[in-house]
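Hydrogens, waters and symmetry mates are skipped; everything else that's a heavy atom, side chains included, is used. We count ligands from 1, going down the list as the structure has it; atoms in each ligand are counted the same way. In this text, all values refer to a predicted model and were calculated from it rather than measured experimentally.
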Amino acid sequence: MRLSAESKALFEKALRWIPGGVNSPVRAFRAVGGTPFFAARASGATVWDADGNDYIDYVGTWGPAILGHAPKGVVEAVQKAAEHGTSFGIPNRLEVRMAGLVVDAVPSVEKVRMCNSGTEATMSAIRLARGFTQRSKIIKFEGCYHGHVDSLLVKAGSGALTLGQPDSAGVPPEFTSQTIVLPFNDAEAVRGAFADHGTDIAGVILEPVPANAGLYLPREGYLEFLREITAAHESLLIFDEVMTGFRLGLAGAQGRFGITPDLSCFGKVIGGGLPVGAFGGRGEIMDCLAPDGPVYQAGTLSGNPLAMAAGVAVLEALSDGSVYKKIDALGQALSDGLAEVAKTAGVVVQLQRIGSMSCCYFAEEPVHNMAEAMRSDRERFGKYFHGMLEEGIYLAPSQFETGFISAAHDEAAIGKTIAAAARVMKRL
Ligand code: HOZ
């Protein structure tokens with residue numbers, strides 16, 4: 001039994017002063033029971049808790065840590081930037097470097113604006129889509145999570161789904177009345193919505209690979225279909241690549257699937273572990289933003305030099321593609337290994353994966369949308385989660401999240417994880 005006295009004491013204090021004891025609900029372990037551990041430090045693929053226990057980490061700060069925790073080059077870049085000032089609120093050289101890297105890496109992005117989180121990126125992108133098209137309605141998909149934006153907190157994934165609050169209190173119905181929510185991977189539903197509201201639909205926003213209700217892939221031809229139908233109706237196709245951007249390759253999911261969206265949203269990897277979001281796309285659309293155009297969007301800390309230094313260091317480290325080769329191969333090895341041990345233990349799972357992102361659903365059938373994800377056995381997942389934690393493996397504390405592999409993981413870590421899963425699955 002791992003000792004967690006210090007984490008428990010911290011959590012008790014946190015509960016007094018922080019709602020739910022956490023600064024983001026997904027951290028609270030509510031879906032799996034028990035209390036969260038508190039991080040003391042993290043390096044490479046390992047995180048240590050306040051009691052000194054170490055864990056092989058598959059959460060990776062919910063996606064950003066593609067190079068592992070505290071990679072030397074990123075830490076040095078942040079330190080160097082800090083010596084020159086931690087915030088300017090004045091244009092700076094690093095923002096220009098960052099914009100150049102994004103535009104070079106993602107062909108659909110001609111111009112990009114930095115902000116501070118994925119939520120800001122999606123919120124701004126839909127405002128921009130509405131301003132550009134002068135239309136009001138937005139299509140989103142069940143189980144896709146686009147941050148805690150009022151109008152998008154409808155049938156939302158991630159913590160909202162985990163906690164059974166896919167539609168949040170505090171969002172007046174008027175705020176979501178222009179949001180059309182459809183099942184993912186269902187072309188007929190989208191055709192129907194365009195038939196009914198075509199000339200009012202400003203845009204379709206989606207995670208091209210939904211990764212906030214576990215992980216499921218677009219069916220063959222589905223993204224192409226969305227590209228065609230949006231173009232035919234002069235609506236914008238908005239890819240929320242907060243999870244997949246710079247994770248599934250330099251050009252993200254759009255590069256992997258060969259689709260050109262009109263707007264893209266980024267977060268997580270692009271900030272190298274610092275708070276960064278970004279949205280970008282076709283120049284004529286982006287030029288509708290203030291100060292050039294009528295769509296207002298702003299931020300005191302947007303383009304912050306520390307955040308830009310971290311992001312630039314990560315994107316430069318990713319630029320030769322070798323990290324993707326490594327993490328995708330490790331992803332394959334992990335999924336294959338887990339599938340094997342589950343089979344041996346007689347536990348039915350669906351191992352769904354793309355590159356270094358994966359989800360092990362405790363479900364009888366493959367998952368293609370939120371309704372199918374909801375059929376998974378969450379109680380069993382909770383047992384698996386705690387069994388793995390006890391073995392020193394940290395998975396996301398919810399069946400409805402995605403696991404990430406970093407360049408700091410190696411075959412030994414994957415081997416340990418598979419061996420631990422073999423022991424845990426036998427007891428499920
Ligand atoms: N967007 C993250 C992955 N689902 C969760 C991060 C959070 O809500 O704290």
Side-chain angles (χ1 to χ4, degrees), residues 14 18-32 36-39 42 47 57-66 69 115-123 125 140-150 152-168 184 205-216 239-248 252-253 265-279 352 354 356-361 367 370 373-374 376 378 381 385 394-406:
I18 305 172
V22 290
N23 280 315
S24 195
V26 291
R27 301 175 195 170
F29 279 30
R30 293 279 169 94
V32 291
F37 67 82
F38 278 62
V47 60
D57 181 15
Y58 288 95
V59 181
T61 184
W62 302 90
I66 193 166
H69 290 286
C115 51
N116 302 287
S117 68
T119 294
E120 277 187 41
T122 56
M123 176 185 76
K140 87 167 279 283
F141 296 96
E142 293 172 358
C144 282
Y145 176 69
H146 305 293
H148 55 101
V149 179
D150 278 345
L152 299 176
L153 271 181
V154 195
K155 296 253 166 62
S158 193
L161 184 60
T162 296
L163 300 174
Q165 300 171 336
D167 309 302
S168 174
F184 191 78
I205 186 166
L206 69 150
E207 299 177 71
V209 178
N212 280 290
L215 180 86
Y216 37 85
F239 272 13
D240 174 349
E241 295 236 36
V242 170
M243 301 285 258
T244 50
F246 304 100
R247 160 66 64 182
L248 293 183
C265 306
F266 302 100
K268 303 201 188 270
V269 173
I270 198 176
L274 272 80
V276 178
F279 62 103
Q352 305 206 175
I354 179 164
S356 57
M357 301 170 72
S358 63
C359 173
C360 177
Y361 284 109
V367 174
M370 185 179 96
M374 295 296 286
S376 51
R378 282 162 270 164
F381 173 82
F385 169 83
Y394 178 46
L395 308 173
S398 165
Q399 173 73 100
F400 300 135
E401 296 288 355
T402 289
F404 299 97
I405 288 175
S406 77

Undergrad: Please report which non-hydrogen protein atom sits nearest to atom 5 (C) of ligand 1, along with the residue it belongs to and the distance in Å to one decimal place.
TA: Ser158 OG, 3.7 Å
Undergrad: Return the minimal non-hydrogen interatomic distance between Ala39 and Val47, and the atom names on each side.
TA: CB-CG2, 4.2 Å
Undergrad: Can you check whether Ala156's main-chain N or O pairs, donor with acceptor, with Glu142's side chain at less than 3.5 Å?
TA: no
Undergrad: If you measure from each heavy atom of Arg27 to ligand 1, is any distance below 4.0 Å?
TA: no
Undergrad: More than 12 foreign heavy atoms under 6.0 Å from NE2 of His69: is that the case here?
TA: yes
Undergrad: More than 12 heavy atoms of other residues, nucleotides or ligands under 6.0 Å from CZ of Arg30: yes or no?
TA: no
Undergrad: Please identify which atoms of ligand 1 are closer than 4.0 Å to at least one heavy atom of Lys268.
TA: 1 (N), 2 (C), 3 (C)
Undergrad: Tell me which protein heavy atom sits closest to atom 4 (N) of ligand 1, plus the residue, atom name and distance to 0.1 Å.
TA: Asn212 OD1, 2.4 Å
Undergrad: Can you list the ligand 1 atoms lying under 4.0 Å from a non-hydrogen atom of Ser24?
TA: 7 (C), 8 (O), 9 (O)
Undergrad: Show me which atoms of ligand 1 lie under 4.0 Å from any heavy atom of Glu401.
TA: 3 (C), 4 (N)
Undergrad: Would you call the rings of Phe385 and Tyr394 parallel, tilted or perpendicular, where under 30° means parallel and over 60° means perpendicular?
TA: perpendicular
